[in-house]
Amino acid sequence: MADACATHRWQLAAASVIGPDHAKEDVGCQDAYFVRQAGNGIAVAVVSDGAGSTKSGGKAAAIICRQFEVLYERLAGLSFGEAGSAESPASWWAGVTGIVEDTLTAARESLLVCACETDVDPSDLLATIVGVVAHPDCGALTFHIGDGAATVFDSDCEEIFTSQPENGEYLNLTYFLVEEHWRDHLRIKAVPMPLSEILVMTDGVTELAYVRHGRILVPEPRFFRPLSAFLRARTRDVGEEALARALSAQEAQERVDDDKTLIWMRIADNAPAE
Amino acid sequence: MGNEDIGLEYAVNTAPRLPCVVIVDGSDSMARQNAIGALNRGLAELEKALKEDPKTRSGVRLKIIRVGGGVSTLVDWVDAMNFEAPDVALGGGTPLGEAVRQALDDLDAEKQRLDDAGLIRNRAWLFIITDGEPTDRGWQSHADACRQAEEQKKVSVFCVGVDGANMQQLSAFSTRPPARLDSAKFKEFFVWLSKSASAGVATPPGQSTQMASPKDWTTD
């Protein structure tokens, strides 16, 4: 019905750049990401950070993101009322939570199958995941295993909620989907309306975008505000090109050796066409 | 259009700091077996190791003091990410007492600055590395002050006696017994220092750090 000529409800931009470490080792970027919005208002954004010194981490990240593409296709097929409605956000979150958990289970299965088929040790297929499913009438659901971060902002660019990295006892350790006890480290949060913007990023960017108060990350306004102001007033192409440049700038690469991936999304008002 | 920049700024490093002073020996005797050369190569290794580890890169705050003739600051307080390994020059005696006094004063001042900046800090570390013995008068009172600061948990002191160092006198500076280092193993020592600092950065303030095993470099 109205699906065919729906206007985009979200503005989106994303960039992923290889860090100096992986460039040196010639293994390619080990981050992967997926972001898309559907005509029914649903948006899915996911980043995954492959860990370890081989390419297997990056392979794991790609497998995980592909599974979320499947989740996206499923949600994109829902009608407007099914996709999200301001009347029943609680049941929306419950439904989406179930689908996200199923997707993570399926992604993990894919990792184990890949390990079997390619003779790779499953414990080499290490990747974290942080992402969001959102709808402008219901709010957002964040899901998170490991490090990286996601922050939901209001329309004044003030933080509503940040899904924090989980590092365990030492700062250089974290948790991964392929592990047996992944469910113990899955953190899911429902964030109701009103909200305006969401950012999702791997841990190559968190050091640049947040200040640390002990183990808690707090968004750095001098990072997020200009980012928001710039991206909301540009087409996606222009925004993504500038974002990639900001992530691969010399200062960024000197501060952090890791790959850097960031997704930005904002509920559109008078957005320029994509 | 075109290549407009976003104009964002990256967050300033507010990681908790581990303040760390290293006293290095540039006295005449370090010419023996080219210990000074090994020390300088070791310091280059320290720079590399600290910068490679994301924890130490943002978390270690380093100062290097030289003894040799007098006492001088070779590298003033710097975050490990910005540390550039100095070249320790050769020459002079070993006023170790005075060097330790300066180190303790510098540590106090730096702790105050970190507190004023609202940064969390771990217990400071002081490394005293010498191949000889203190040659300044009244060094014992500085050694006493150092041990006292350690007992008050203001600083953890690690004494390292290189080659033919006077271990007995070195032991006056800390309740922890001095460790013996063969100058051929400076590189291994500084790698150990960086690994231990990495554990130190992750230790909650107020608690003791489980140091890495020193077996790679000490002959004890």
Side-chain angles (χ1 to χ4, degrees), chain A residues 13 15 19-21 147 167-173 203-235 237-247 249-258 260 262 264, chain B residues 1-18 47-61 78-84 114-123 191 194-212:
Chain A
D21 264 359
D147 59 19
N167 281 106
E169 209 185 326
Y170 295 103
L171 285 179
N172 63 348
L173 298 182
D203 82 327
V205 190
T206 54
E207 198 180 311
L208 304 171
Y210 296 87
V211 291
R212 226 174 241 290
H213 290 193
R215 278 176 179 253
I216 302 296
L217 297 184
V218 174
E220 166 57 66
R222 286 175 296 187
F223 182 93
F224 287 103
R225 285 176 188 269
L227 185 72
S228 173
F230 186 96
L231 293 176
R232 71 173 69 182
R234 305 287 185 298
T235 60
D237 280 349
V238 170
E240 289 186 335
E241 191 273 333
L243 185 56
R245 261 187 301 114
L247 294 180
Q250 189 178 352
E251 189 192 337
Q253 301 293 46
E254 277 173 4
R255 283 271 299 271
V256 182
D257 296 326
D258 234 337
K260 300 169 184 64
L262 184 148
W264 171 85
Chain B
M1 301 292 176
N3 291 336
E4 215 185 332
D5 281 341
I6 294 178
L8 52 73
E9 288 172 45
Y10 306 115
V12 164
N13 177 16
T14 57
R17 300 302 205 281
L18 172 63
E47 177 189 339
K48 180 165 170 278
L50 288 176
K51 282 178 175 174
E52 269 171 0
D53 180 335
K55 283 191 297 169
T56 53
R57 187 172 52 216
S58 339
V60 172
R61 187 121 175 107
V78 70
D79 286 348
M81 66 173 75
N82 297 318
F83 167 56
E84 286 176 20
L114 291 172
D115 286 347
D116 290 345
L119 294 172
I120 304 167
R121 52 178 177 76
N122 303 75
R123 185 180 313 165
V191 168
S194 182
K195 278 205 192 123
S196 300
S198 195
V201 165
T203 303
Q207 288 185 31
S208 297
T209 301
Q210 184 74 11
M211 308 287 273

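We name chains A, B, ... by the order of the sequence lines, and we start the count at 1 in each one. Side chains included, hydrogens not; waters and symmetry mates left out as well; all remaining heavy atoms used.
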Need one label for [X]: side chain, backbone, both or neither, based on atoms under 4.5 Å from any heavy atom in chain B.
X      : value
A:A209 : backbone
A:F223 : both
A:R255 : both
A:A229 : neither

Checklist entry - About how many Å separate CG of B:L8 and CG of A:L243, when rounded to the nearest 0.5 Å? => result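 Between atom CG of A:L243 and atom CG of B:L8 there are 8.5 Å.
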Item to check | Atom NZ of B:K195 with >12 non-hydrogen neighbours under 6.0 angstrom | outcome: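 Counting other residues, nucleotides and ligands, NZ of B:K195 stays at 12 neighbours or fewer.
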Checklist entry - How far apart are the closest heavy atoms of B:A11 and A:Y210, and which atoms are they? => result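 Looks like CB-O, 3.2 Å.
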Next on the checklist: Looking at every non-hydrogen atom in both residues, tell me the closest pair between A:R245 and B:E4 and how far apart they are.
Outcome noted: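 That would be NH2-O, 2.7 Å.
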Checklist entry - Got A:E241 and B:N3 here, is their nearest side-chain heavy-atom distance under 4.5 Å? => result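 In short, these two side chains touch, coming nearer than 4.5 Å.
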Checklist entry - Checking B:R57 side chain against A:V256 main chain: does a donor-acceptor pair fall under 3.5 Å? => result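 No, the answer is negative, given that no donor and acceptor are paired below the 3.5 Å cut-off.
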